Amino acid sequence: MYIPLPKENPFEFCFLVQNLDFKVMVNKKLFMQYLHRVPYHLVDTIAVTGPMKLSLISFQAPGMQPVECPNSVYPVPFFTNIPNGFYPSKSIMISGTVLPNAKRFHINLRCGIDVAFHLNVGIDENVLVRNTQINSSWGHEERSQPEKMPFLQGQSFTVSILCEDHCFKVVVDGKPLCEYLHRLMNLQAINRLEVAGDVQLTNVET
Ligand code: GAL
């Protein structure tokens, strides 16, 4: 099978895992569909070999879209819409680097003027604060002081926020960090993400 990849030119392969097959896109055009021969949930490794230079491998969860930014530079404070808001199983992902002298940063999931979920990361005080703001008033704080703070000055991180029936689950670098019971129940109206503070963003998917 001929794959049109001229020498020296950048290329992109995208493998979409479907129920019956892998749909393979080359440079955003459908190239082939490959029927599964082993159950796809057993596939856990990706290997790339041969005479080529690899610049990026990324994984995308179902229903998430990268938020495009000019030159991949995300302004901070950063605001973006979450198309269709939240629903159980919906997750978003935020990757970034904590600034070298960072004191704090926060992530807000907004529902109109209200903040359904606020996660404030106090790097200097080693504290995580979660709260909800309704009509400009904060509710009661949920606070914790993690034994091992996953956000460290100068270090990169990936936060996923997964919406479940009763709560948001926050996972950092693959490890569960905290759960926050929903206080605003109209999940689909929680449709705006905001990140602010001492952080640089490298990738956002909503
Ligand atoms: C305040 C802080 C706000 C917000 C709030 C959460 O002390 O100034 O930014 O984090 O706590 O309860």
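Being a predicted model, the structure only gives us computed values, none of them experimental. Heavy atoms only: backbone and side chains are in, while hydrogens, waters and symmetry mates are out. Note that ligands are numbered from 1 as they come in the structure, with each ligand's atoms numbered from 1 the same way.
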Is any NZ, NE, NH1 or NH2 atom of the basic residue among Glu142 and Arg183 found under 4.0 Å from an Asp or Glu carboxylate oxygen of the other?
-> yes
ring-ring contact (aromatic ring centres under 6.0 Å, His included) filter on Phe157, not counting sequence neighbours, yields Phe105, Phe151
Between ligand 1 and the protein, which N/O pairs fall short of 3.5 Å?
| residue | atom | partner | partner atom | Å |
| --- | --- | --- | --- | --- |
| ligand 1 | 10 (O) | His118 | NE2 | 2.6 |
| ligand 1 | 10 (O) | Asn120 | ND2 | 2.8 |
| ligand 1 | 11 (O) | Glu141 | OE2 | 3.2 |
| ligand 1 | 12 (O) | Asn131 | ND2 | 2.8 |
| ligand 1 | 12 (O) | Glu141 | OE2 | 2.7 |

Geometric class of the Phe168/Phe117 ring pair [parallel <30°, tilted 30-60°, perpendicular >60°] = parallel
Quick one: list whatever passes side-chain contact (heavy atoms from CB on, under 4.5 Å) with Ser156, sequence neighbours left out.
-> Thr97
Can you label the angle between the Phe15 ring and the Phe13 ring as parallel, tilted or perpendicular, going by 30° and 60°?
-> parallel
For Arg130, all residues meeting salt bridge (Lys or Arg N to Asp or Glu O under 4.0 Å), sequence neighbours excluded | none
